[in-house]
Amino acid sequence: MIKYGNSSDTAVIILHEIYGINRHIEQVCKWFADYGFDSVAPDLLTGREAFAYSQEKQAYDYFKDCIGFDNAFSQAEEFLAQVRPQYRHVFVLGYSIGATVAWRCSGTGLCDAIIGLYGSRIRDYLFVQPKCPVLLLFPAREPSFSVDNLIFHVSKVAQVRVIALEGEHGFADPFSAKYNKLSTAQACSEIEHFITKCRHKDR
């Protein structure tokens, strides 16, 4: 787990990809800490060291066989239940499998908003009814499914804002071969605006 504390009334919980807590997740935690928030990245791989990007298949197989979405969601839900009483605002930001877990967390009532980047498996959990505002950022291209079809379905859900950005899965990770600098800048701007709006709506 990575944690930055600023004695803030706002916590941002970052949920990692299949690779685990790597340099990208560390960078994201630092980004939110620099804004003055408390930021935390729980380890959904339960202690296993992070995978390298070259180990994508091993990372995927490990998550599928040893963790799974139900277990990852249970971990995140338990973590949120512990954190919730300590903060005025709790936001969850997830990448890839972390975005799908974040989407499921939106239905728990334990967070004030969620943000998901390229959560392709959200398509398996369209029954989730968010109890908080949701921002979903997808790449324009995904090789394994129709992004347009998923966007069509989730954009009809109440409290959900969906944006498609140029690039592929992993576009917001500067350490990935799929990194897209312009789309990352656009994503960061959307995330900043979304969090600011959610923080001030009850003031």
Side-chain angles (χ1 to χ4, degrees), residues 12-19 24-25 28 31-32 44 53 56 59-60 63-64 67-70 72-73 76-77 80 90-199 201:
V12 182
I13 313 302
I14 295 100
L15 303 180
H16 58 70
E17 300 183 65
I18 55 173
Y19 302 107
H24 174 228
I25 297 303
V28 174
W31 180 47
F32 284 107
L44 302 180
Y53 294 123
E56 180 178 0
Y60 176 79
F63 179 80
K64 181 183 65 173
I67 307 296
F69 280 108
D70 288 342
F73 169 63
E77 185 178 32
L80 283 171
V90 175
F91 302 124
V92 181
L93 167 66
Y95 293 86
S96 192
I97 61 104
T100 299
V101 174
W103 168 256
R104 294 183 65 179
C105 288
S106 72
T108 65
L110 292 170
C111 45
D112 298 292
I114 77 106
I115 303 154
L117 287 90
Y118 31 91
S120 58
R121 285 295 169 179
I122 288 173
R123 67 187 189 273
D124 296 331
Y125 300 97
L126 294 175
F127 56 82
V128 171
Q129 293 297 314
K131 296 180 180 179
C132 64
V134 174
L135 173 64
L136 298 177
L137 303 167
F138 290 103
R141 299 182 299 280
E142 284 275 12
S144 58
F145 72 100
S146 170
V147 178
D148 290 341
N149 186 56
L150 178 54
I151 289 176
F152 172 77
H153 286 289
V154 294
S155 62
K156 295 190 294 183
V157 180
Q159 301 194 83
V160 176
R161 172 171 165 75
V162 189
I163 301 170
L165 297 172
E166 180 58 32
E168 301 176 63
H169 197 104
F171 68 79
D173 182 349
F175 304 103
S176 168
K178 303 293 177 61
Y179 177 59
N180 185 303
K181 186 175 181 180
L182 177 58
S183 292
T184 297
Q186 292 173 323
C188 289
S189 177
E190 291 287 348
I191 291 169
E192 291 170 4
H193 177 75
F194 180 71
I195 288 179
T196 299
K197 181 179 179 181
C198 290
R199 289 186 76 222
K201 70 176 182 179

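Taking all atoms of both residues into account, the shortest heavy-atom contact from H24 to A172 is NE2-O, 3.4 Å. Shown here for V160 and W103, the closest heavy-atom pair between the two residues is CG2-CZ3, 4.0 Å. For the pair L44 and H16, the tightest heavy-atom approach, listed with the atom from each and the gap, is N-NE2, 3.0 Å. When every heavy atom of I122 is checked against every heavy atom of A99, the shortest pair comes out as CD1-O, 4.2 Å. For T108 against K131, the heavy-atom pair with the smallest separation is C-CD, 4.3 Å. Across every non-hydrogen atom of D112 and F91, the tightest pair is CB-CE2, 3.9 Å.
By the neighbour-count criterion of 12 heavy atoms within 6.0 Å, atom CD of E56 is sparsely surrounded, having that number or fewer from other residues, nucleotides or ligands. Counted within 6.0 Å of OH on Y179, heavy atoms from surrounding residues, nucleotides or ligands total more than 12; the atom is thus considered enclosed. Around CZ of F145, the count of heavy atoms belonging to other residues, nucleotides or ligands within 6.0 Å exceeds 12.
S189 contributes no side-chain N or O that, together with a main-chain N or O of A185, makes up a donor-acceptor pair within less than 3.5 Å. In terms of modelled atom types and a separation under 3.5 Å, the side chain of T184 and the main chain of F171 share a donor-acceptor contact.
Taking CD1 of I114 as the reference point, atom CG of L80 lies at 11.0 Å (rounded to 0.5 Å). Annotation: the span from E168 atom CD to L165 atom CG amounts to 13.5 Å, rounded to 0.5 Å. With rounding to the nearest 0.5 Å, the separation of CD in E77 from CZ in R104 is 9.0 Å. Atoms CD1 and CG, on I25 and L15 in that order, are 8.5 Å from each other to the nearest 0.5 Å. To the nearest 0.5 angstrom, K197 atom NZ is 5.5 Å from H193 atom NE2. The CZ atom of F63 lies 4.0 Å from the CD1 atom of I97; values are rounded to the nearest 0.5 Å.
Relative ring orientation between Y118 and H169 is described as tilted, the plane-to-plane angle lying within the 30° to 60° band.
Side-chain contact between L137 and I191 is present, with heavy atoms from C-beta onward closer than 4.5 Å. Taking the side chain as every heavy atom from C-beta outward, D173 and E17 approach each other to under 4.5 Å. The shortest distance between side-chain heavy atoms of E166 and L182 does not fall below 4.5 Å.
Considering L117, D148, I163, V147 as possible partners of F138, the one that fulfils the side-chain contact (heavy atoms from CB on, under 4.5 Å) test is V147.
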Tell me, with the steps shown, if I18 and S96 meet side chain to side chain contact (heavy atoms under 4.5 Å, CB included). CA-CA 8 Å; I18 55 173; S96 192; 5.6 Å; no
Full working for side chain to side chain contact (heavy atoms under 4.5 Å, CB included) between R121 and F69: CA-CA 9 Å; R121 285 295 169 179; F69 280 108; 3.7 Å; yes
Please walk me through it: do F32 and I195 pass side chain to side chain contact (heavy atoms under 4.5 Å, CB included)? CA-CA 11 Å; F32 284 107; I195 288 179; 3.5 Å; yes
